[in-house]
Amino acid sequence: MIRTIMVELSTIEAAAYRQKLRGGHSGIVIMRYDTDQPGIATVNRKSGEPDPSHNTDLKLFPLEAFKEAMELTSGMPYSRRGKVKLSAEKEDASAQEETAEELATVDSDEYEAIVKTYTNRKGELSYELLNKDFIQFAKSSKVISDMVANRALEDDIRDHVVKVKLESITGNRELTVAQTQRIVEMLDEVSPRHVFKELNDEIRKMLASR
C-alpha cells in the first residue's frame, strides 16, 4: 500500500499513518491497540480538518487523535509499504486499491530522487526548501523571463519550471507531462497546502511587475 511511516499517538493508545484512500484522497488511519477496527478520516483540503468516516466511532477515535495524527504525519512522504497489523484487524474497506500508475510513480527513481533531495532530518518533505529552490530557478531562467515578458499563462510558466527542475533533479530528460503531473500530485497529497503555493505566488508577482 502507499502510505507514510507509522507514528505513535499520545492522545490515545494508538498508532497512525497517512494513506491514499479510495477516490485518490489523502486520509488518516488510526489503529488502537485494544480494538481490531481502525478509525479512518479523510483530510479535508479546504478546511485542513479531518473528516471521520461515517462508521468511525468518535468515542474510540476522537477528533483530537486525528488532529494529532495529521500534525505528526504532516509533510511525510508517501512510499510503498506493507500492510499494518497491530492486532488481528481486518483490512479497512475504505483503503484504496492503488492503481498501477500510482504504484509506478511512488516506486520510480524520479520520485525517490525528489523525496531524497527535499527531505529534512525529521524525515519530512521540506516544501519550504523545495519552493525556494524552484523559485530561484524561475528567477534565473532566460526561458521563464521570456515567458513572463510575453505574458504567458501562470499555469504554463509553473509547469515549465516544474518539468525542467524535475528533469534536473532526477537526471531524466525524457519525463513526460503526464509523469511530471503524477509526481506533483503525489507530493501534493502530503502537503499541508498546495505543494507549489509559494512558487505560484512568486510567478504572479513576476507577471504583475511586467
Side-chain angles (χ1 to χ4, degrees), residues 1-9 11-45 48-58 60-61 63 65-120 122-127 130 170 178-195:
M1 66 172 66
I2 295 175
R3 65 173 179 84
T4 66
I5 63 172
M6 296 281 292
V7 295
E8 289 279 346
L9 302 183
T11 311
I12 58 175
E13 291 190 6
Y17 55 89
R18 288 201 189 210
Q19 180 186 354
K20 287 186 67 64
L21 299 179
R22 185 164 293 165
H25 298 291
S26 176
I28 300 293
V29 180
I30 299 179
M31 292 181 298
R32 294 177 60 106
Y33 297 109
D34 58 356
T35 180
D36 291 343
Q37 182 66 36
I40 306 290
T42 302
V43 178
N44 189 312
R45 292 303 295 269
E49 297 294 320
D51 291 333
S53 63
H54 68 278
N55 61 343
T56 293
D57 187 345
L58 293 181
L60 294 175
F61 303 97
L63 280 174
F66 282 111
K67 291 180 179 179
E68 181 187 11
M70 284 183 61
E71 181 178 352
L72 292 175
T73 58
S74 177
M76 285 185 175
Y78 279 137
S79 60
R80 188 204 286 242
R81 297 179 180 276
K83 296 177 182 179
V84 177
K85 286 192 176 184
L86 297 186
S87 56
E89 81 275 5
K90 297 178 181 178
E91 186 176 356
D92 182 69
S94 298
Q96 176 186 334
E97 292 184 6
E98 297 89 350
T99 66
E101 286 183 345
E102 289 171 339
L103 291 171
T105 298
V106 81
D107 283 342
S108 68
D109 292 338
E110 291 76 22
Y111 180 78
E112 181 181 354
I114 294 162
V115 169
K116 183 178 180 180
T117 300
Y118 297 109
T119 296
N120 61 26
K122 296 180 180 179
E124 301 168 347
L125 275 171
S126 175
Y127 292 93
L130 185 149
T170 64
Q179 286 175 309
T180 301
Q181 186 59 37
R182 285 195 292 270
I183 289 172
V184 171
E185 288 174 355
M186 192 68 69
L187 294 171
D188 201 38
E189 289 217 10
V190 293
S191 171
R193 57 189 183 282
H194 193 284
V195 61

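Model, not experiment: these values are computed from the prediction. FYI, side chains are in, hydrogens and waters are out, and symmetry mates aren't considered; it's all heavy atoms of this structure.
Closest approach of P38 and F61 over heavy atoms only: C-CZ, 3.7 Å. The nearest pair of heavy atoms linking T4 to Y78 is N-CD2, 4.0 Å. The shortest heavy-atom contact between G75 and Y127 is CA-CE1, 4.1 Å. Shown here for M6 and Y17, the closest heavy-atom pair between the two residues is SD-CD2, 3.1 Å. The two residues G82 and M1 have their closest heavy-atom pair at O-CG, 4.0 Å. Here the shortest heavy-atom pairing between L125 and V115 reads CD2-CA, 3.8 Å.
A search for salt bridge (charged side-chain N to carboxylate O under 4.0 Å, His left out) contacts involving E71 returns nothing, not counting sequence neighbours. Listed by chain and number, the residues in a side chain to side chain donor-acceptor pair (under 3.5 Å) with S79 are R81 (sequence neighbours excluded). Listed by chain and residue number, nothing satisfies the side chain to side chain contact (heavy atoms under 4.5 Å, CB included) test with A100 (two or more places apart in sequence, or in another chain). Residues forming a salt bridge (charged side-chain N to carboxylate O under 4.0 Å, His left out) with E101 (at least two apart in sequence, or on another chain): R182. Among residues two or more places apart in sequence or in another chain, the side chain to side chain donor-acceptor pair (under 3.5 Å) test is passed with T105 by none. Taking the side chain to side chain contact (heavy atoms under 4.5 Å, CB included) definition, one finds that L58 meets it with P52, sequence neighbours left out. Applying the side chain to side chain contact (heavy atoms under 4.5 Å, CB included) rule to T11 yields the partners E64, A65, E68; only residues at least two apart in sequence or on another chain are considered. Legend: residues meeting salt bridge (charged side-chain N to carboxylate O under 4.0 Å, His left out) with D57, ordered by chain and number and at least two apart, are absent. Scored by the salt bridge (charged side-chain N to carboxylate O under 4.0 Å, His left out) test, D109 finds no partners at all (sequence neighbours excluded). Residues satisfying the side chain to side chain donor-acceptor pair (under 3.5 Å) test with R18, not counting sequence neighbours, are T73. Partners of T170 according to the side chain to side chain contact (heavy atoms under 4.5 Å, CB included) rule, which considers only residues two or more places apart in sequence or in another chain, are E110, A113, I114, N172, L175. Partners of Y118 by side chain to side chain donor-acceptor pair (under 3.5 Å), not counting sequence neighbours, listed by chain and number: D133.
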Exercise. Start with the C-alpha gap between M186 and K20, add the side-chain angles, then the distance that decides, and say whether side-chain contact (heavy atoms from CB on, under 4.5 Å) holds.
Key: CA-CA 9 Å; M186 192 68 69; K20 287 186 67 64; 4.1 Å; yes

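Put simply, the side chain of D188 gets close to the backbone of V195: a donor and an acceptor are under 3.5 Å apart. Judged by distance alone, with hydrogens and angles left aside, the side-chain atoms of T56 form a donor-acceptor pair with the main-chain N or O of I40 at under 3.5 Å.
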